Amino acid sequence: MIYFNCDYLEGAHPRILEAFEKTNGIQQPGYGEDEYSQKAIEAIKKHLKKDQRVKFIHGGTATNALVIATLLKPYEGVVSVDSGHINVHETGAVEATGHKVISLKGKDGKIQSRDLDQLFREHEESPTRIHEVRPAMVYLSQPTEYGTVYTGEELDEIRKICQYWDRPLFIDGARLAYLPRDNSLEKIAEVADIFYIGGTKCGFLLGEALVYNKIYEEDLSYMIKTMGCLMAKGRVLGIQFFEMFKDNLYFELGQKARQQTLELAEDIQEKGYTIEMPVDANLIFMRCPLEKYEELQQQFVFDVDRREKDDIIIRIAISWATSDDTILQLKKAL
């Protein structure tokens, strides 16, 4: 079987495994104080335009729950698009920390700035607001769960609204490597108060790099330990990020996968299939007749988004490791 259902099915890029083997017998301090983590932080900071701090966390769900629990007061909630990862695919991890996820209907998986502004305004003007959860933080992912991408202008609009209402903007960058190069890490760092650079879905064994404004340093330092997110062998994360960022391998892998995705999407459309969402990163949502889907299942595995009458909407995920040969096999099968 050939798997296209997600983008973290392979282990890790060979250079990471080589780096592990090379450094395996070298003793280093724990808890992220090792030299590899420090070098990785410096490599990441070269992409940042302002004075931000970096810490490494083992996974995305843990990072989302950690950030939201740290920044919000007990009576506050986080705003997410209805299809957002924290709202749909994290089994109540955020709610388990005591904070409500307040969902907004999106367009192509994206929060609309006017809806966000209206939500904040309605709460502030509500005569019963002290009986309601206060929407006090904005969460979005870039790219989104549908593989779409906020433009620079859209990010700027959301940022302005967050500043006006004095709400922090948190950006989930689990698939950041697959962004168009003109709308990538540098832009996210410019507009976000706190965000993370995804590793798990972008060629790492595991790990995310949390980047944040220095005002959160004290609280995050405590909460990372409190919530079980501080790895004793922090070197495991530092080695990976240093290897990927020392010469921009991270972006090279992401751009290769993105180009493969765009070419596959073009071929799919030429064959007469409908693509449900704009293709901006490494995900394709394709409408497939049920009969054809059952045929494809003999050779391929896809993620199913939903079923509509006699059609199945499938998600095709291209990863950093997807080969041209496997894509060619899918093209032929379609």
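Remember, predicted model here, so these are calculated numbers, not experimental data.
- Note on Ile44 and Leu205: same hydrophobic cluster, where clusters join Ile, Leu, Val, Met, Phe, Trp and Tyr whose side-chain heavy atoms are under 4.5 Å apart, directly or indirectly.
- A donor-acceptor distance shorter than 3.5 angstrom exists from the side chain of Arg159 to the backbone of Val191, with no hydrogens or angles considered.
- Side-chain heavy atoms closer than 4.5 Å link hydrophobic residues (I, L, V, M, F, W, Y) into clusters, and following such links, even through other members, never connects Ile111 to Met137.
- Salt-bridge check for Lys22 with Glu18: failed, with every basic side-chain N at 4.0 Å or more from each acidic carboxylate O.
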TODO: Evaluate the criterion side chain to side chain contact (heavy atoms under 4.5 Å, CB included) for residue pair Lys39 and Lys246; output intermediate values, then yes/no.
DONE: CA-CA 9 Å; Lys39 288 180 179 179; Lys246 68 181 183 181; over 6 Å; no

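- In summary, Lys110 and Asp280 do not engage in a salt bridge, as defined by a charged side-chain N under 4.0 Å from a carboxylate O.
- With Gln240 contributing its side chain and Val236 its backbone, the two residues share a donor-acceptor pair below 3.5 Å.
- Of the inter-residue distances, the one linking Phe195 atom CZ with Leu169 atom CG reads 11.0 Å to the nearest 0.5 angstrom.
- Between Lys201 and Glu145 there is no salt bridge, since none of the side-chain N atoms of the basic residue sits less than 4.0 Å from a carboxylate O of the acidic one.
- A single hydrophobic cluster is seen to contain both Ile171 and Ile161, as judged by linkage of ILVMFWY side chains at heavy-atom distances under 4.5 Å, directly or through other members.
- Note on Ile86 and Tyr8: separate hydrophobic clusters, where clusters join Ile, Leu, Val, Met, Phe, Trp and Tyr whose side-chain heavy atoms are under 4.5 Å apart, directly or indirectly.
- Ile312 shares a hydrophobic cluster with Ile2, Phe4, Leu262, Leu264, Ile268, Tyr273, Ile275, Val279, Ile284, Met286, Leu290, Tyr293, Leu296, Phe300, Phe302, Val304, Ile314, Ile316, Ile318, Ile327, Leu330, Leu334; the chain of contacts runs through ILVMFWY side chains whose heavy atoms sit under 4.5 Å apart.
- Residue Met1 is not grouped with residue Leu328 when hydrophobic side chains (ILVMFWY) are merged at heavy-atom distances under 4.5 angstrom, including chains of intermediate members.
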Taking it one step at a time, do Leu210 and Leu66 satisfy side chain to side chain contact (heavy atoms under 4.5 Å, CB included)? CA-CA 10 Å; Leu210 182 62; Leu66 164 72; 4.2 Å; yes

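- Of the charged side-chain nitrogens involved, none lies within less than 4.0 Å of a carboxylate oxygen, so that Asp311 and Arg306 do not count as a salt-bridged pair.
- In this structure, Thr91 contributes its side chain and Ala93 its backbone to no donor-acceptor pair below 3.5 Å.
- Screening residues 231-272 for ring pair (Phe, Tyr, Trp, His ring centres under 6.0 Å) gives His47-Phe245, His47-Phe251, Phe56-Phe241, Phe204-Phe241, Phe245-Tyr250, Phe245-Phe251 as the qualifying pairs, with residues at least two apart or on separate chains.
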Query - Intermediate values then yes/no, side chain to side chain contact (heavy atoms under 4.5 Å, CB included), Val78 and Arg167 - result: CA-CA 10 Å; Val78 57; Arg167 307 292 199 264; over 6 Å; no

